[in-house]
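Here is the structure we will look at, set down as structure tokens.
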2 protein chains.
Amino acid sequence: MRKIKGGVTTALGFKAAGIYAGIRKPKKDVALVYSETPCVAAGTFTTNLVKAAPVKWCQSILKDDAPKHGIVFNSGIANACMGARGEQDNYEFAKAVADELKLSPENFFVGSTGVIGQPLPMDVIKNGIPGLVAALDSTLEAGHSAAEAIMTTDTCAKEAAADFNIEDEEIEIHVGGMAKGSGMIHPNMATMLSVVTTDINISQELLQEATSKVVSETFNMISVDRDTSTNDTFIVLANGAAGNEKIVKKNKDYDNFETALKLVCKTLAKKMAADGEGATKLVECKVKNAKTKEDAIKLAKSVITSNLVKTAIFGSDANWGRILCALGYSGADFNPEKVDVALKVENDDEEETLLLVENGVATDYSEELATEMLSQKEIIIKINVKAGYEKATAWGCDLTYDYVKINGDYRS
Amino acid sequence: MRKIKGGVTTALGFKAAGIYAGIRKPKKDVALVYSETPCVAAGTFTTNLVKAAPVKWCQSILKDDAPKHGIVFNSGIANACMGARGEQDNYEFAKAVADELKLSPENFFVGSTGVIGQPLPMDVIKNGIPGLVAALDSTLEAGHSAAEAIMTTDTCAKEAAADFNIEDEEIEIHVGGMAKGSGMIHPNMATMLSVVTTDINISQELLQEATSKVVSETFNMISVDRDTSTNDTFIVLANGAAGNEKIVKKNKDYDNFETALKLVCKTLAKKMAADGEGATKLVECKVKNAKTKEDAIKLAKSVITSNLVKTAIFGSDANWGRILCALGYSGADFNPEKVDVALKVENDDEEETLLLVENGVATDYSEELATEMLSQKEIIIKINVKAGYEKATAWGCDLTYDYVKINGDYRS
């Protein structure tokens with residue numbers, strides 16, 4: 001199992017493209033990920049009752065038997081809250097891509113991101129499709145172009161890849177993906193928009209099972225602003241191009257695939273949290289010894305979503321009282337008089353841990369050292385609640401002036 | 001039923017004082033509300049598992065039979081997460097006041113607010129008590145001093161009062177209170193710190209019942225930052241000084257008292273939301289025709305707590321997509337394709353309503369007018385979900401640069 005440089009074109013047989021079609025200010029705005037070989041697919045989607053047209057489309061075609069060949073994206077407009085017109089536009093978007101590739105609309109997922117409540121400029125999009133298809137390529141650069149084209153308030157493209165070998169065969173499996181997400185990030189099933197491609201040969205059932213499990217431990221554990229989007233979509237496409245014997249039961253190979261998928265998704269999820277709107281710091285909260293798994297998740301998420309914790313981290317203030325407060329209102333069951341809270345930073349293979357609170361009461365820690373640790377770009381908050389044996393990790397970011405600026409100044 | 005100018009000294013027989021004892025920078029920091037006549041008392045407290053020592057004390061003495069004579073406050077330090085020392089300090093605080101007034105510690109509630117995790121400076125506090133007791137007075141000014149002494153990041157003192165007549169008697173009843181709260185405001189039982197005094201003669205059971213009901217519709221419906229404090233305390237003291245026949249069952253007089261109590265609490269709650277840390281605008285969200293009462297509450301709270309809605313309101317941007325999005329992830333059951341969203345502003349007895357969304361889709365509204373309406377100091381968002389007959393109202397504020405500044409720059 002290795003983490004490698006790459007993205008959606010890392011797996012064999014996948015091509016991608018990202019170009020400027022003209023939906024918004026000169027910035028790439030449509031992307032396509034395509035496999036000539038048909039794929040099995042798995043997906044998870046927003047739990048928001050208000051679902052964008054592309055989410056409804058993806059959920060619908062995921063259930064049918066049509067083989068899947070890829071996913072097309074646009075950024076700039078979310079195609080959400082547009083009623084029947086939104087669904088019609090979404091269908092025509094998929095159909096335009098399918099026509100160009102001599103396939104059916106049902107072969108393509110669709111992902112849209114941007115402003116809610118505005119119509120897709122269908123003429124502009126349709127004019128852009130031939131160029132988009134013509135730009136398809138299997139290079140890493142083509143994958144990177146696609147990752148750039150799905151960005152909105154993101155400040156950087158988000159890609160990740162891993163590979164591993166199938167046990168008793170000399171076959172290398174590749175898993176690579178891309179994601180976008182910066183604001184309205186509090187996934188509850190999946191992230192804003194992300195696709196992972198793999199050349200493994202696996203059954204649809206096991207692909208969905210691995211996908212759902214990995215999402216619960218990665219994308220669903222990040223939050224930028226506690227706002228669950230209307231468009232969250234995560235799709236995994238597996239085209240079998242690696243040539244391994246099809247995985248149809250949970251064996252060592254399945255476990256390796258799940259680990260690789262988690263590695264890729266966790267990397268993408270952390271990149272999203274670190275690139276949260278206006279963020280200057282990535283915050284990781286590791287909770288251990290919770291009574292139940294649900295409690296561990298509640299505790300970790302409560303800390304990384306607290307506006308008061310987030311502003312204290314922005315100010316490099318070791319205000320542990322706000323951390324205890326956030327644990328206390330999380331809804332999890334624990335004894336506040338047993339809680340330990342520590343800060344940890346990792347730098348160039350060195351790591352430092354500072355215990356702030358022991359059994360619910362402040363230790364005699366150095367404020368100076370705490371401030372220095374909180375001035376790093378990546379901060380780990382370790383919580384031991386001593387109530388059981390379950391653990392969870394969540395990722396978030398600080399809350400800064402720029403978050404207010406980005407979301408107060410412009411309609412995103 | 002009249003809303004009148006006043007506060008904790010409006011009801012007959014109540015005195016108050018607020019002075020500078022020296023806990024923090026030259027600013028009043030201890031307050032006392034006192035009735036020579038013993039009172040029946042009711043209270044609601046934070047549901048945060050991490051409870052400050054004064055909260056535990058109030059909950060404990062509320063259950064005993066000792067008559068209640070008042071409540072003493074300090075600001076600057078919350079006396080939370082201080083272990084056994086915190087409880088000892090809290091007891092000594094109550095005892096110092098009781099000694100000065102020749103009473104017992106159990107006669108006095110205690111409220112503390114400020115930084116979590118620092119010890120109360122007991123010498124400073126004890127030195128201040130004689131002066132605090134000597135300053136007790138029944139004037140409105142004395143009540144105002146008390147309201148000032150409990151402020152932390154608040155920018156103004158918060159007081160409210162009302163009066164009404166007991167039905168078949170020519171007796172006037174007064175209800176008045178004060179509150180503090182600006183950050184860490186997402187009450188779940190009560191607000192940060194608030195006390196309401198009344199001269200009505202009423203049984204403890206009915207006083208608690210009215211208190212709990214009113215809190216659920218007022219203090220529990222506001223949020224500044226979704227952070228439920230460790231110190232939330234709301235106490236109602238009734239000394240019977242008005243001389244009415246004791247209210248022991250729910251009659252017209254009880255209803256009038258409940259209405260007056262709600263009027264006072266709602267006024268205080270709205271003042272807290274409007275004075276949210278860094279806030280420039282008060283936001284009211286009125287939801288109607290929800291399927292259940294719980295749904296109505298979830299929907300209204302989801303809108304006023306969304307960071308994205310709050311920043312849009314700061315930017316006077318009619319970004320209704322974020323409102324629909326917040327409704328969608330609230331957990332309430334409704335059909336997004338039936339929702340209406342409107343803005344309403346009230347100015348000098350004139351009111352204006354602008355429908356933004358009808359049946360889930362944008363109307364052809366004027367962005368210019370919407371921006372103008374969102375530039376007011378008080379904004380009402382009206383939601384009709386057409387799923388049933390229940391309604392709820394919640395109050396919040398916008399999210400601004402100053403919220404980040406206040407909470408990133410200094411340990412509050």
Side-chain angles (χ1 to χ4, degrees), chain A residues 46-51 78 80-83 115-117 183-184 186 188 225-230 305-309 311-312 314-315 317 319-322 324-330 332-337 357 359-362 398-401 403-412, chain B residues 46-51 78 80-83 115-117 183-184 186 188 225-230 305-309 311-312 314-315 317 319-322 324-330 332-337 357 359-362 398-401 403-412:
Chain A
T46 186
T47 52
N48 196 315
L49 273 188
V50 180
K51 292 187 203 325
C81 305
M82 292 306 299
V115 185
I116 297 174
M184 211 179 256
H186 185 84
N188 195 350
D225 48 17
R226 282 198 271 211
D227 278 275
T228 302
S229 158
T230 49
T305 53
S306 158
N307 278 356
L308 287 170
V309 172
T311 45
F314 171 54
D317 177 10
N319 200 325
W320 55 266
R322 295 183 183 171
L324 277 193
C325 179
L327 296 173
Y329 64 68
S330 66
D333 185 23
F334 69 100
N335 180 350
E337 284 160 24
V357 174
N359 294 320
V361 177
D398 54 346
L399 174 59
T400 71
Y401 298 116
Y403 179 86
V404 179
K405 185 172 167 60
I406 290 165
N407 290 300
D409 277 9
Y410 120 102
R411 188 166 301 186
S412 59
Chain B
T46 185
T47 53
N48 196 315
L49 274 189
V50 179
K51 291 187 203 326
C81 305
M82 292 306 299
V115 185
I116 296 175
M184 212 179 255
H186 186 83
N188 196 351
D225 47 19
R226 282 198 269 212
D227 279 275
T228 302
S229 159
T230 50
T305 54
S306 159
N307 278 356
L308 287 170
V309 172
T311 46
F314 171 54
D317 178 10
N319 200 326
W320 55 267
R322 296 183 181 170
L324 278 192
C325 180
L327 296 173
Y329 65 68
S330 66
D333 184 24
F334 69 100
N335 180 352
E337 284 161 25
V357 174
N359 293 319
V361 177
D398 53 347
L399 174 60
T400 71
Y401 297 116
Y403 179 85
V404 178
K405 185 173 168 61
I406 291 165
N407 290 300
D409 278 8
Y410 120 101
R411 189 166 299 185
S412 58

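Chain A is the first sequence line, chain B the second, and so forth, proteins listed ahead of strands; every chain is numbered from 1.
In this structure, the separation between CG on A:Leu399 and OH on B:Tyr403 is 7.0 Å, given to the nearest 0.5 Å. Atoms CG and CG, on B:Asp333 and A:Leu49 in that order, are 7.0 Å from each other to the nearest 0.5 Å.
Taking both residues in full, the closest heavy atoms of B:Arg322 and A:Asn407 are given as NH1-O, 3.1 Å, listed atom of the first, atom of the second, then distance. When all heavy atoms of A:Phe334 and B:Val50 are compared, the pair lying nearest together is CZ-CG2, 4.5 Å. Heavy-atom minimum distance, B:Leu324 versus A:Cys81: CD1-SG, 3.3 Å.
Residues satisfying the side chain to side chain contact (heavy atoms under 4.5 Å, CB included) criterion with B:Ala80, sequence neighbours excluded, are B:Ala52, B:Ala78, B:Ile116, B:Thr230, B:Asn231. The side-chain hydrogen bond (donor to acceptor under 3.5 Å, both in side chains) test applied to A:Thr400 returns no partner, not counting sequence neighbours.
With a 4.5 Å cut-off on non-hydrogen atoms, B:Phe314 touches chain A through its side chain but not through its backbone.
Most heavy-atom pairs under 4.5 Å with chain A, from the set B:Gly328, B:Gly315, B:Gly321: that is B:Gly328.
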